[in-house]
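Owing to the predicted nature of the structure, the values given are computational and were not obtained by experimental measurement. Just so we're on the same page: letters track the sequence lines, and every chain starts at 1.
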There are 2 protein chains.
Amino acid sequence: MPLTLEDIAKISGVSRSTVSRVINGDVNVSDRTREKVQEIIRRYDFQPNLAARGLAAGVTNVIGLVIPRGVSAIFADPFFPLIIQGVTSACNAMDYSVMLWLAEPEYERRTIHKILYSGLIDGVIVTSMLLEDPIIESMAASKLPFITIGRHPTNDRISYVDVDNRQGARNAVNHLLRGHRRRIATITGPGNMIAGQERVEGYYECLRERNIPREPALVAEGDFTDAGGYYAMLQLLTAKPDAVFVASDSMAYGAMRAIQEAGLRIPHDIAVIGFDDIPQSAHVNPPLTTIRQPIHQIGATAAETLIDMIAHQNDQQRRVILPTELVIRASA
Amino acid sequence: MPLTLEDIAKISGVSRSTVSRVINGDVNVSDRTREKVQEIIRRYDFQPNLAARGLAAGVTNVIGLVIPRGVSAIFADPFFPLIIQGVTSACNAMDYSVMLWLAEPEYERRTIHKILYSGLIDGVIVTSMLLEDPIIESMAASKLPFITIGRHPTNDRISYVDVDNRQGARNAVNHLLRGHRRRIATITGPGNMIAGQERVEGYYECLRERNIPREPALVAEGDFTDAGGYYAMLQLLTAKPDAVFVASDSMAYGAMRAIQEAGLRIPHDIAVIGFDDIPQSAHVNPPLTTIRQPIHQIGATAAETLIDMIAHQNDQQRRVILPTELVIRASA
DNA sequence: AATGGAACTGGGAGCGCTCCCAGGCTGTTT
DNA sequence: AAACAGCCTGGGAGCGCTCCCAGTTCCATT
């Protein structure tokens, strides 16, 4: 049987309340008492029961991380793993724990409800990248603090952490333009994901500024997977591009395969630039030029911001935009 | 304010106890009462407070998933993501939630303690692949049900789910032998990981059966990363192998790069066979022949087995070995 | 009609914690 | 010397649930 507060109190010769004060850093404890109790806690490796604390105080030091439906396929991409890692390591450092939900469609409604009203968590991070996501609405309806990774397209009162997708895309296209490419194609993300949409917009903006006319045959939609990039590129090849901006590194790998199988050289015939800079990108052939987004840090920042929101119970909106960075390798 | 049991009781005109019985499927409730209460619960979307249940009953319907230190680098590999996915989807289906800990070295001791004695979880899955892992000892010392993914080398009383690594390796090497390869090299996992060790043993066994002498220059150690495979292969090339069995697909990608950069062809000059069959392996050039392990299913089986252990509180040991499968593509 | 047992229901106690209030102790002020 | 204002400390109440025990109701038997 694990020890309880009461046990520690008895052993240290003080009351339950005082032990609780020591644990929670209350100032109204004499130094002598505090040290004595802390010593006992340390000696017995005492760990307060978080369920009981949750019940009594309504605070559990646990946050939820929700990755919504439809990402199963994408899960092979290191994006979500890196997010998870960022979130958990920030939480570790702040003495929080993480509850993970991969919301599958069939369980979704029940899942959300459980998340919100189970009393187990103090706040939620939602990696919502979908344009129309019912989770967001339910979330906003509850009063639980929450933050999204990737900003919401219509409801701009929701706190978020995001990267500057548009500027990142612009940097990518500008890099291609500086390399004297003029027939620049793009492979976009699926139409229902915000990040993907912003990246296309950045692409269009850049072309407009240079007075390069849009050409529909130079735009193809992918699904953030390798295979999706491959087929999108096959399609684009018929339009004879001299460069392609791909909205994710995974898709870029597929695109590169398609290009090479067509007997064309990268970057000589077609320059390729990706988006993400996942670890693998330094090791493909040729090494991929790409827009780095600090994925790990996005996760960590989301966790830190959420915990701060929990601590200061004002529902003021937080917005954090992290910068991207052009990483030049050999493919463009 | 969320509703409580008492609220539901008042609304349905029964007692708190009866509502509790309905929720927990107790038989001693008349059908009429049950239906009435269930209707109210449904109408109000009532979700019992799990923290309170945890306190009162010592059961939370939450399990912990612990991925120990040292895997940060490996996290780019889809292995752990797929495990996580398997675990969470099995849990979703059984109405359990998952608490995720990536135990970082500096927090490890405190983390373990929190996991074990927080009262928040009913059991733990540990993806221990390290030979000497202090987590396992602490785990065994507590009476919390737990199961490891990958079997423990010395303590064979611990429940586990694993794949038949040795047989998988044998199938790989036999496939190379059938292709008339005779100078078969291998890139192993890091020496302190069980799975890696078993794969080398399978490799040695096969050679011994064919009376092919061991040649130390044909064995190089990798670290389950792409880069590690690359450097290991560079080393092996000096021994002029005609095939290589690589203990993970990620390392195989690196090895293939090293081979191709040396101007050799795959599989003509050197056949390459991997281990894992992660999604990417169908898309590398040439497509990778490999030993598939059902990673998603490993996670799901671990969760199901653990939940079964929790339900039937006997501490009988469970052992599950899942089969591997040879997937022949173009690289060998 | 009386009895027994099974089926169902209600309420008290208690899980381990936090929060609040009351009270004891100290030291300063009048 | 009395009064008061801090500090500190202890214990009661209660968070929302489960578990147990003590009813109450109902029906089949004798």
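Separating the CG atom of A:Leu50 from the P atom of C:dC17 is a distance of 9 Å, rounded to the nearest angstrom. Rounded to whole Å, atom P of C:dC25 lies 15 Å from atom CZ of A:Arg32. Taking atom CG of B:Asn24 as the reference point, atom P of D:dG16 lies 17 Å away to the nearest angstrom. Between the NZ atom of B:Lys10 and the P atom of D:dG16 there is a distance of 12 Å, given to the nearest Å. A:Ile23 has its CD1 atom 9 Å from the C1' atom of C:dC17, to the nearest Å. At whole-Å resolution of the value, CG in A:Asn61 and P in C:dC17 are 14 Å apart. The nearest whole Å value for the distance from the CG atom in A:Asp26 to the P atom in C:dC19 is 9 Å. Between the CZ atom of B:Arg53 and the P atom of C:dC17 there is a distance of 21 Å, given to the nearest Å.
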Using a cutoff of under 3.5 Å, can you pull out all pairs of nitrogen or oxygen atoms linking the protein to nucleotides 9-15 of chain D, with atom names and distances?
{"from": "D:dT9", "atom 1": "OP1", "to": "A:Ser30", "atom 2": "OG", "distance (Å)": "3.3"}
{"from": "D:dT9", "atom 1": "OP1", "to": "A:Thr33", "atom 2": "OG1", "distance (Å)": "2.5"}
{"from": "D:dT9", "atom 1": "OP2", "to": "A:Ser30", "atom 2": "N", "distance (Å)": "3.2"}
{"from": "D:dG10", "atom 1": "OP2", "to": "A:Ser15", "atom 2": "N", "distance (Å)": "2.8"}
{"from": "D:dG10", "atom 1": "OP2", "to": "A:Ser15", "atom 2": "OG", "distance (Å)": "3.1"}
{"from": "D:dG10", "atom 1": "OP2", "to": "A:Thr18", "atom 2": "OG1", "distance (Å)": "2.9"}
{"from": "D:dG10", "atom 1": "O6", "to": "A:Arg21", "atom 2": "NH2", "distance (Å)": "2.6"}
{"from": "D:dG11", "atom 1": "N7", "to": "A:Ser17", "atom 2": "OG", "distance (Å)": "2.8"}
{"from": "D:dG11", "atom 1": "O6", "to": "A:Ser17", "atom 2": "OG", "distance (Å)": "2.4"}
{"from": "D:dG12", "atom 1": "N7", "to": "A:Arg16", "atom 2": "NH2", "distance (Å)": "3.1"}
{"from": "D:dG12", "atom 1": "O6", "to": "A:Arg16", "atom 2": "NH1", "distance (Å)": "2.9"}
{"from": "D:dA13", "atom 1": "N6", "to": "A:Arg16", "atom 2": "NH1", "distance (Å)": "3.2"}
{"from": "D:dC15", "atom 1": "O2", "to": "A:Ala56", "atom 2": "N", "distance (Å)": "3.3"}

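An angle of 60°, rounded to 10°, separates the two end axes of the helix from C:dA1-D:dT30 to C:dT30-D:dA1, each defined over five pairs.
Of the residues A:Thr305, A:Thr301, A:Asp308, the one that meets the side-chain hydrogen bond (donor to acceptor under 3.5 Å, both in side chains) test with A:Arg318 is A:Asp308.
Looking at heavy-atom distances under 4.0 Å, B:Phe46 makes contact with sugar-phosphate atoms alone, never a base. Counting non-hydrogen atoms under 4.0 angstrom, B:Val22 reaches nothing in the nucleic acid.
In this model, a donor atom of one side chain and an acceptor atom of the other lie less than 3.5 Å apart for B:Arg319 and B:Gln317. Donor-acceptor pairing under 3.5 Å is recorded for the side chains of A:Trp101 and B:Ser97. Between the side chains of B:Ser17 and B:Ser20, not a single donor N or O lies within less than 3.5 Å of an accepting N or O.
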Going through the checks in order, is the side-chain hydrogen bond (donor to acceptor under 3.5 Å, both in side chains) test met by B:Thr18 and B:Ser15? CA-CA 5 Å; B:Thr18 300; B:Ser15 75; 3.3 Å; yes
With side-chain contact (heavy atoms from CB on, under 4.5 Å) as the test, would you mind laying out the steps for B:Val98 and A:Leu102 before giving the verdict? CA-CA 10 Å; B:Val98 179; A:Leu102 304 188; over 6 Å; no
Worksheet item: Run the side-chain contact (heavy atoms from CB on, under 4.5 Å) check on A:Asn61 and A:Leu50 step by step: do they pass?
Response: CA-CA 8 Å; A:Asn61 274 32; A:Leu50 294 184; 5.5 Å; no
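Salt bridge present: B:Arg42 and B:Glu39 bring a charged side-chain N and a carboxylate O closer than 4.0 Å.
Here A:Glu35 pairs with nothing under the salt bridge (Lys or Arg N to Asp or Glu O under 4.0 Å) rule; sequence neighbours left out.
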